[in-house]
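Comments concern the structure below.
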Amino acid sequence: MGFVPFTFVDLIDIILVALIMYWIYRMTKGTNAPYILSGIIAVYLLWVVVRTLNMELLSTILGQLISVGAIALIIVFQPELRRFLQMIGMRQKHFNFITRIFSSGEDPVQTNIAPIVTACREMAETKTGALIVIGQQSDLRLIAEGGIALDAKVSTPLLKNIFFKNAPLHDGAVLIEGDRIVAAKCILPVTQSDVPKEFGTRHRAAIGMSEISDAIIVVVSEETGEIAIAQGGEIRQHLDPARLQQTLQRYLTINSRKRSRDKEVAE
């Protein structure tokens, strides 16, 4: 069994793999993607070692496992891989030019937050649970397609009626884009990050949605009536209506300025 020399190219290869792994870990922290990728790399490295040592039987078995396993992994872990790619696209701001290429070029309609704040205040008083997603630049068509299409103007009575506990659409989230309620009863991805045990499904879904998109998610707790808002993977709790309005306005202003800068760069 001959000794295989360790070259400078091998060292560069190891360093690049380590850097890629660290980058993926940072981009997908809180999901299962790093563990899946780590398993794939571990099997591949084992195959390289076995092949280097001329273990023909193990090399053949692992080679077949890798070739067939790649397709199997794509099928089995399709939701995790999709979420992983969504998260990479959202968190890498250097890729914003792609969004600009496929955008229509029209300025999006600004969301009127007044009816949303009023609805949240009144639902908080009656401890009516609610989950409201306010879309920004991210493509949320997959979320909308998973719910019930509405296409209605945003209003306080409509939001309250949707989340009324006996209403058929009260489960899930409402998706708002511009001044329209696009869909209701939408299913959101639940975060895999460590969160306080007192967080319910709505809070976990709000954080999970904010991790894979730039959407602003408002939560009204059914247990306590408290209002929270999630954005960028973080959640702010214990908001009164005035603070909710200020926070929403700040987030919308920040996103509006980003769109204006992107448009100027594109022009």
Side-chain angles (χ1 to χ4, degrees), residues 86 108-191 195 198-232 235-252 255:
Q86 285 178 327
V109 178
Q110 187 73 15
T111 301
N112 181 14
I113 63 174
I116 299 175
V117 173
T118 302
C120 289
R121 174 177 58 80
E122 295 180 3
M123 288 188 291
E125 292 173 353
T126 58
K127 293 186 178 179
T128 301
L131 186 58
I132 302 172
V133 179
I134 304 173
Q136 299 298 295
Q137 288 182 292
S138 298
D139 188 350
L140 303 181
R141 279 177 293 182
L142 286 176
I143 300 297
E145 290 170 0
I148 305 298
L150 290 183
D151 190 22
K153 188 175 179 62
V154 178
S155 68
T156 298
L158 181 55
L159 288 172
K160 290 178 61 181
N161 192 44
I162 289 173
F163 288 112
F164 180 66
K165 64 176 60 179
N166 293 326
L169 301 180
H170 80 281
D171 283 332
V174 159
L175 174 59
I176 295 175
E177 290 186 335
D179 63 346
R180 311 292 294 179
I181 297 178
V182 177
K185 207 172 184 178
C186 299
I187 306 301
L188 306 185
V190 179
T191 183
V195 296
E198 62 269 19
F199 277 9
T201 304
R202 287 190 179 90
H203 290 82
R204 295 173 185 270
I207 298 173
M209 187 65 193
S210 72
E211 288 174 342
I212 65 167
S213 73
D214 61 354
I216 305 167
I217 303 94
V218 181
V219 184
V220 179
S221 173
E222 187 175 0
E223 289 76 20
T224 64
E226 292 183 345
I227 302 173
I229 186 169
Q231 213 272 336
I235 188 166
R236 297 175 180 269
Q237 297 179 267
H238 314 299
L239 300 178
D240 56 36
R243 188 64 181 274
L244 172 64
Q245 182 167 357
Q246 293 173 0
T247 306
L248 281 174
Q249 191 61 58
R250 183 169 70 252
Y251 285 153
L252 291 172
N255 288 327

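Starting from 1, each residue takes its place in the sequence as its number. Model, not experiment: these values are computed from the prediction.
For the atom pair CZ of Phe164 and CG of Leu159, the computed distance is 15.5 Å after rounding to the nearest 0.5 Å. Asp171 CG to Ile187 CD1: the interatomic distance, rounded to the nearest 0.5 Å, is 8.0 Å. Rounded to the nearest 0.5 Å, atoms NE2 (His203) and CD1 (Ile235) are 5.0 Å apart. Ile132 CD1 to Ile176 CD1: the interatomic distance, rounded to the nearest 0.5 Å, is 5.5 Å.
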Side chains of residues 111-118: which donor-acceptor partners sit under 3.5 Å, not counting sequence neighbours?
{"residue": "Thr111", "atom": "OG1", "partner": "Gly178", "partner atom": "O", "Å": "2.9"}
{"residue": "Asn112", "atom": "OD1", "partner": "Ala114", "partner atom": "N", "Å": "3.3"}
{"residue": "Thr118", "atom": "OG1", "partner": "Ala114", "partner atom": "O", "Å": "3.0"}

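In this structure Ala184 satisfies the side chain to side chain contact (heavy atoms under 4.5 Å, CB included) test together with Leu150, Ile162, Leu169, Val174, sequence neighbours excluded.
Judged by distance alone, with hydrogens and angles left aside, the side-chain atoms of Arg204 form a donor-acceptor pair with the main-chain N or O of Phe199 at under 3.5 Å. No donor-acceptor pair closer than 3.5 Å links the side chain of Ser213 to the backbone N or O of Ser210. Between the side chain of Ser138 and the backbone N or O of Asp214 there is at least one donor-acceptor pair closer than 3.5 Å.
Shortest non-hydrogen contact noted between Ala144 and Ala183 is O-CB, 3.9 Å. In terms of heavy atoms, Lys165 sits closest to His170 at O-CE1, 3.2 Å. Minimum heavy-atom separation, Asp240 to Arg243: OD1-N, 2.6 Å. The two residues Met209 and Leu140 come nearest to each other via the heavy atoms CE-CD2, 3.4 Å. Between Lys185 and Pro168, the closest heavy-atom pair is NZ-O, 3.4 Å. Minimum interatomic distance between Ala215 and Gln231 (heavy atoms only, all atoms of both residues): O-CG, 3.6 Å.
Looking at heavy atoms from C-beta onward, Val219 lies out of side-chain contact with Glu226 at the 4.5 angstrom threshold. The shortest distance between side-chain heavy atoms of Val195 and Ile207 falls below 4.5 Å. Side-chain contact between Val182 and Ile143: absent, with no pair of heavy atoms (C-beta onward) separated by less than 4.5 Å. Proximity of Arg202 to Glu222: side-chain heavy atoms (C-beta onward) are separated by under 4.5 Å at one or more points. The shortest side-chain heavy-atom distance between Pro189 and Glu211 does not fall under the 4.5 Å cut-off.
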Derivation and outcome, side-chain contact (heavy atoms from CB on, under 4.5 Å), residues Ile216 and Ile229
CA-CA 7 Å; Ile216 305 167; Ile229 186 169; 3.5 Å; yes
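Here side-chain hydrogen bond (donor to acceptor under 3.5 Å, both in side chains) pairs that include residues 143-162, with residues two or more places apart or in two chains, are Glu122-Lys160, Asp151-Arg180.
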